Amino acid sequence: MRRLIYGMNLTLDGYIAAPGDDISWGGPPSEDLFQWWLDLDRTTSLALYGRKLWETMSSYWPTGDQQPDATPAEIAFAQNWRDTPKVVFSSTIDQVGWNARLVTGDAVAEITRLKTEDGGPMSIGGATLAGAALRAGLIDEYVVMTHPVLVGAGTPFFTALDSWIALNLVETRTFPGGVVLTRYETRR
C-alpha cells in the first residue's frame, strides 16, 4: 500500500496562508530548506493537489528553471515538478497540464484507490483536500515546517477532526531563520 504524506510550510500559529491567500510571510526559503523540500519531492511518485495549491504551483514551476536568477536547486525542483505525475482535484477547473490529470469526483474515493496501487509514496497538498484525506484516515505522515511568524488568521494547516489521531514523532530539525521541521507518522 502506498504511503500518503501531507507536508507544507506553516506559521507558528498554524496557518499555511494568511488572509487573502497571502503566503509571503514565509519569505524566500534558505538553501537548506529548499533542498530539503526538493529531496522529499524526489521521493514522491505521485503528487496530489487541491485547486488553490495547483494554481499556485502551476503558475510558476512549469518555467521556474528558466528564470534568470534560478538557483541550481530551483532548476532541479522545476524539472522534477514537471516530471512527477500529478492528480488535481477540483470541480471548478476543466483542464490541467504538466503531467497532471484532473479528478472532479469524490476525492476520498480516488485517494483511497490510489493508495491501494503499487508505487512509491504520494504527497498531498492543499488544506481542503488534505483535510478530507485526514478525516478519512488516509494520511500516513505529516511534515510540519513551522516558520517563526504569527499571522493571526487565514487558512489552517489542520481542519476540524471528527476524532483524535495519535501520531509518533519521526524527526525534528532546525533550519536557518528559525524554521523547525517536525515529522510525524500516524499511529496505526
Side-chain angles (χ1 to χ4, degrees), residues 3-86 88 98-100 120-131 134 139-159 167 169-185:
R3 291 180 53 76
L4 182 59
I5 302 166
Y6 175 36
M8 295 186 78
N9 293 297
L10 65 146
T11 65
L12 181 60
D13 51 351
Y15 297 100
I16 60 171
D21 293 327
D22 183 355
I23 57 172
S24 64
W25 51 262
S30 69
E31 287 184 33
D32 290 349
L33 178 58
F34 195 91
Q35 186 65 50
W36 193 93
W37 281 117
L38 172 59
D39 293 344
L40 178 65
D41 280 356
R42 284 178 168 158
T43 68
T44 300
S45 65
L46 181 64
L48 311 179
Y49 286 99
R51 180 192 52 84
K52 283 184 182 181
L53 185 59
W54 169 254
E55 288 174 345
T56 298
M57 297 296 282
S58 66
S59 71
Y60 183 79
W61 289 112
T63 59
D65 56 338
Q66 298 167 23
Q67 303 305 312
D69 58 345
T71 67
E74 289 170 334
I75 292 168
F77 187 92
Q79 292 167 343
N80 186 70
W81 186 86
R82 285 192 306 265
D83 291 345
T84 300
K86 295 169 273 303
V88 180
W98 304 289
N99 202 15
M122 300 183 299
S123 65
I124 188 168
T128 302
L129 178 64
L134 187 149
I139 297 178
D140 301 296
E141 183 178 330
Y142 299 86
V143 176
V144 181
M145 200 66 76
T146 307
H147 291 249
V149 62
L150 302 169
V151 297
T155 305
F157 180 72
F158 291 110
T159 59
L167 306 172
L169 180 65
V170 176
E171 178 184 6
T172 61
R173 181 174 168 187
T174 303
F175 290 89
V179 176
V180 177
L181 161 71
T182 49
R183 283 183 46 230
Y184 299 91
E185 288 183 342

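Quick note: numbers below take in every heavy atom, side chains included, and nothing from hydrogens, waters or symmetry partners. Being a predicted model, the structure only gives us computed values, none of them experimental.
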Lys86 side chain to Thr84 backbone, donor-acceptor under 3.5 Å: yes

Arg82 to Asn99 - nearest heavy-atom pair and separation: O-CB, 3.3 Å

Min side-chain heavy-atom separation Gln66-Ile75 under 4.5 Å: no

Under 3.5 Å: donor-acceptor pair, side chain of Asp140, backbone of Leu4: yes

Separation of Thr172 OG1 from Arg183 CZ (nearest 0.5 Å): 10.5 Å

For the student: nearest non-hydrogen atoms of Ile124 and Tyr6, plus distance: O-CD1, 3.4 Å

Close side-chain approach of Phe175 and Met145, heavy atoms under 4.5 Å: yes

Distance-only polar pair, side chains of Gln35 and Asp39, donor-acceptor under 3.5 Å: yes

Residue pairs, two or more places apart or on separate chains, that pass side-chain hydrogen bond (donor to acceptor under 3.5 Å, both in side chains) and touch residues 144-157: Asn9-His147

Which residues share a side-chain hydrogen bond (donor to acceptor under 3.5 Å, both in side chains) with Arg3, sequence neighbours left out: Glu141

Spacing of CG belonging to Asp69 relative to CD belonging to Glu74, to within rounding of 0.5 Å: 7.0 Å

Approximate separation, where rounding is to 0.5 Å, of Thr43 OG1 and Leu40 CG: 4.5 Å

Separation of Leu129 CG from Lys52 NZ (nearest 0.5 Å): 13.0 Å

Closest non-hydrogen atom pair, Ser45 against Pro85: O-CD, 3.4 Å

Separation between OG1 of Thr174 and CG of Leu33, rounded to the nearest 0.5 Å: 11.5 Å

Which atom of Ile23 lies closest to which atom of Ala17, heavy atoms considered: CG2-CB, 3.9 Å

Check: Thr44 side chain, Ala47 main-chain N or O, donor-acceptor pair, under 3.5 Å: no

Gap separating the CH2 atom of Trp37 from the OG atom of Ser123, nearest 0.5 angstrom: 9.0 Å

From CA spacing to verdict: side-chain hydrogen bond (donor to acceptor under 3.5 Å, both in side chains), Asp32, Ser30: CA-CA 5 Å; Asp32 290 349; Ser30 69; 5.3 Å; no

Sub-6.0 Å ring centroid separation between Phe157 and Tyr15: no

Heavy-atom check, side chain of Glu171 versus side chain of Tyr184, under 4.5 Å: no

Distance-minimising heavy-atom pair for Phe34 and Pro29: CD1-CG, 3.7 Å

Gln79 CD: over 12 foreign heavy atoms closer than 6.0 Å: yes

Pairing residues for Thr11 by the side-chain hydrogen bond (donor to acceptor under 3.5 Å, both in side chains) criterion, not counting sequence neighbours: Asp13

4.5 Å side-chain heavy-atom contact, Val179 and Pro148: yes

Atom CG of Leu181: over 12 foreign heavy atoms under 6.0 Å: yes

Check against side-chain contact (heavy atoms from CB on, under 4.5 Å), Trp25 and Leu150: CA-CA 9 Å; Trp25 51 262; Leu150 302 169; over 6 Å; no

Note, Leu10 side chain near Met8 side chain (heavy atom, < 4.5 Å): no

Closest heavy-atom pair and its distance - Val88, Ala100: CG2-CB, 4.2 Å

Ring centre gap for Trp81 and Trp54 strictly below 6.0 Å: yes

Stepwise side-chain contact (heavy atoms from CB on, under 4.5 Å) check, Tyr142 with Glu185: CA-CA 6 Å; Tyr142 299 86; Glu185 288 183 342; over 6 Å; no

